[in-house]
Each structure stands twice: as C-alpha cells, then as structure tokens.
Engineer: 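For reference, the structure I am asking about is given below.
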Amino acid sequence: MRKLLVAALISTAGIGAATAQDLTAGATSYKKCVTCHDVGPTAKNKVGPVLNGLDGRKSGTVAGYNYSDANKASGITWNEESFLDYIKDPKAKIPNTKMVFAGIKNETEAKALWAHLKQYDADGKIK
C-alpha cells in the first residue's frame, strides 16, 4: 500500500515514470553538475546556465547566459532523448561548446539525472 501511495504522489507531481529511487539517484548524480549549474527557485547562472525548465527548452536560450555560438546553433530542444545523447559526451554532441565535462556514460545514472532535472519548472519549482 505504501509503495502505491508513493507511486501515486510521484505520478501526480508530473514527473511521470520517475521513481523516488530515480530522483534520489539523480540528486546524487547532480552533485557532478552543481559546480557549474544551478537549479531550484534561487538558481542563478554560474559557469554554465541555470537548468530550471530544461525539458522542452531550446539550447542556448537562458537569459543572461553567454553561450558559445556552437551551442546557440545546435538546434537542440531538450528532452530525455536529446539529454541522454548529449550527456554521454557533450563535446562530441556540440563541438566547440564551452562545457568542459567528460560526460556520464552510464545510462541508468544519466536517466536518473534527467528525472531529477525534469522535475523543475522554469521558475525552479518542483512540478
């Protein structure tokens, strides 16, 4: 019964198939990103742009962040598929990006990270 309640709450929160375990793992994985990226209601651009509202956002469009020309011209609209492809090897997906990160090769970890990031709307509130 408890598992059903947790699943219902997560589903109602708008994060779809993500489980509490995915979100916990994603929050742990996000620690690799926090040096350069911020998320949440008080998020600010750092070395990298804010990651609030990432799902459905066009690459290179966060106000106040100075993107590389390569990132602005990438044509990427972020969703799970594009994120998973990108996060494996950012420099291979967008050559000449400013992002200096080796990537996350483990698909389970990358999916958990996506679940964590996807839960934040453009204002940094959890959906």
Side-chain angles (χ1 to χ4, degrees):
M1 182 69 161
R2 181 177 159 141
K3 288 182 182 180
L4 288 173
L5 180 58
V6 170
L9 289 172
I10 290 171
S11 177
T12 306
I15 52 179
T19 66
Q21 185 176 3
D22 292 336
L23 295 175
T24 300
T28 298
S29 183
Y30 175 71
K31 291 176 183 177
K32 295 177 180 179
C33 312
V34 76
T35 301
C36 298
H37 295 280
D38 214 356
V39 70
T42 61
K44 293 181 174 57
N45 291 327
K46 294 172 152 182
V47 172
V50 167
L51 297 178
N52 291 338
L54 188 60
D55 189 27
R57 186 173 84 202
K58 291 189 183 306
S59 183
T61 61
V62 169
Y65 184 75
N66 184 23
Y67 287 94
S68 65
D69 290 338
N71 197 297
K72 290 186 279 188
S74 71
I76 294 173
T77 297
W78 297 111
N79 58 32
E80 183 173 12
E81 181 182 354
S82 61
F83 179 80
L84 294 177
D85 187 37
Y86 176 79
I87 204 65
K88 281 187 250 179
D89 188 352
K91 289 223 176 253
K93 183 66 180 172
I94 304 178
N96 299 317
T97 183
K98 294 191 308 187
M99 185 159 162
V100 180
F101 181 65
I104 296 174
K105 312 294 187 235
N106 180 292
E107 187 173 348
T108 300
E109 181 183 358
K111 283 183 176 187
L113 177 57
W114 175 252
H116 174 71
L117 294 174
K118 182 181 175 183
Q119 70 180 333
Y120 292 94
D121 68 14
D123 295 324
K125 295 178 186 149
I126 293 179
K127 302 179 202 174

Engineer: Side-chain heavy atoms under 4.5 angstrom apart, residues restricted to Ile, Leu, Val, Met, Phe, Trp, Tyr: same cluster for V39 and Y65?
Structural biologist: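 Looking at the clustering, Y65 is in a separate group from V39.
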
Engineer: Please say whether more than 12 non-hydrogen atoms of neighbouring residues, nucleotides or ligands are located less than 6.0 Å from NZ in K58.
Structural biologist: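 It does not: K58 NZ has 12 such atoms or fewer within range.
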
Engineer: Between atom CG of D121 and atom CG of L54, what is the distance when rounded to the nearest 0.5 Å?
Structural biologist: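 D121 CG to L54 CG: 12.5 Å, rounded to 0.5 Å.
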
Engineer: Assess whether a salt bridge exists between D85 and K93, defined as any Lys/Arg side-chain N lying under 4.0 Å from an Asp/Glu carboxylate O.
Structural biologist: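 A salt bridge is present here (some side-chain N lies under 4.0 Å from a carboxylate O).
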
Engineer: Count the heavy atoms of every other residue, nucleotide or ligand shown that sit under 6.0 Å from CG of D123, and state whether that count exceeds 12.
Structural biologist: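 Yes.
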
Engineer: Are Y86 and I94 side-chain neighbours, meaning at least one heavy-atom pair lies under 4.5 Å?
Structural biologist: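 Sidechains of I94 and Y86: in contact.
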
Engineer: Tell me, with the steps shown, if V62 and R57 meet side-chain contact (heavy atoms from CB on, under 4.5 Å).
Structural biologist: CA-CA 9 Å; V62 169; R57 186 173 84 202; 3.2 Å; yes

Engineer: For A110 versus I87, what's the shortest heavy-atom pair and its separation?
Structural biologist: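 A110 and I87 have their closest heavy atoms at CB-CG2, 3.7 Å.
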
Engineer: Within the distance-only criterion (no hydrogens, no angle test), does the side chain of S29 pair as donor or acceptor with the backbone N or O of A25 below 3.5 angstrom?
Structural biologist: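 No; zero donor-acceptor contacts below 3.5 Å.
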
Engineer: What is the minimum heavy-atom distance between F83 and L113, and which atoms define it?
Structural biologist: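 Closest pair (atom of F83, atom of L113, distance): CZ-CD2, 3.7 Å.
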
Engineer: Looking at side-chain heavy atoms only, is the closest gap between M99 and N71 below 4.5 Å?
Structural biologist: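 No - every pair of side-chain heavy atoms lies 4.5 Å or more apart.
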
Engineer: Is there a path from Y67 to L51 through hydrophobic residues (I, L, V, M, F, W, Y) whose side chains come within less than 4.5 Å of each other?
Structural biologist: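 Cluster IDs for Y67 and L51 differ.
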
Engineer: Do other residues, nucleotides or ligands put more than 12 heavy atoms under 6.0 Å from the NZ atom of K46?
Structural biologist: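 More than 12 heavy atoms, drawn from other residues, nucleotides or ligands, come within 6.0 Å of this atom.
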
Engineer: Calculate, to the nearest 0.5 Å, the distance between atoms CG and OG belonging to D69 and S74 respectively.
Structural biologist: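 The distance works out to 11.5 Å.
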
Engineer: Got a sec: does the NZ of K44 have more than 12 other heavy atoms crowding it under 6.0 Å?
Structural biologist: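 No, NZ of K44 has 12 or fewer neighbouring heavy atoms, counting only those of other groups under 6.0 Å.
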
Engineer: Yes or no on side-chain contact (heavy atoms from CB on, under 4.5 Å) for D55 and N79, after CA distance, side-chain angles and deciding distance?
Structural biologist: CA-CA 5 Å; D55 189 27; N79 58 32; 4.0 Å; yes

Engineer: Are side-chain heavy atoms of D22 and W114 found at a separation under 4.5 Å?
Structural biologist: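 No, every pair of side-chain atoms sits at 4.5 Å or beyond.
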
Engineer: What is the minimum heavy-atom distance between P90 and T97, and which atoms define it?
Structural biologist: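 So the two residues come closest at O-CG2, 4.1 Å.
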
Engineer: Has E80 got more than 12 heavy atoms of other residues, nucleotides or ligands less than 6.0 Å from its CD?
Structural biologist: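 Result for CD/E80: enclosed.
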
Engineer: If you compare all heavy atoms of A122 against all heavy atoms of N52, which two are closest, and at what distance to 0.1 Å?
Structural biologist: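 So the two residues come closest at O-CB, 3.7 Å.
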
Engineer: Under a 4.5 Å side-chain heavy-atom rule over Ile, Leu, Val, Met, Phe, Trp and Tyr, are I126 and V50 clustered together?
Structural biologist: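 Looking at the clustering, V50 is in a separate group from I126.
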
Engineer: Do K98 side-chain atoms and V47 backbone N/O form a donor-acceptor pair below 3.5 Å?
Structural biologist: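 Such a contact is absent between K98 side chain and V47 backbone.
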
Engineer: Quick check: closest heavy atoms across S82 and T77, and the distance to 0.1 Å?
Structural biologist: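 Residues S82 and T77, closest heavy atoms: OG-O, 3.0 Å.
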
Engineer: What closest approach, in Å, do H37 and Y30 show between heavy atoms, and which atom pair accounts for it?
Structural biologist: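 Smallest interatomic distance, heavy atoms only, reads O-OH, 2.8 Å.
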
Engineer: Look only at the side chain of D89 and the backbone of G103, and say whether a donor-acceptor pair between them is shorter than 3.5 Å.
Structural biologist: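 No: the side chain of D89 does not pair with the backbone of G103.
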
Engineer: For the atom pair OG1 (T24) and NE2 (H116), what is the distance rounded to the nearest 0.5 Å?
Structural biologist: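 With rounding to 0.5 Å, OG1 (T24) is 10.0 Å from NE2 (H116).
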
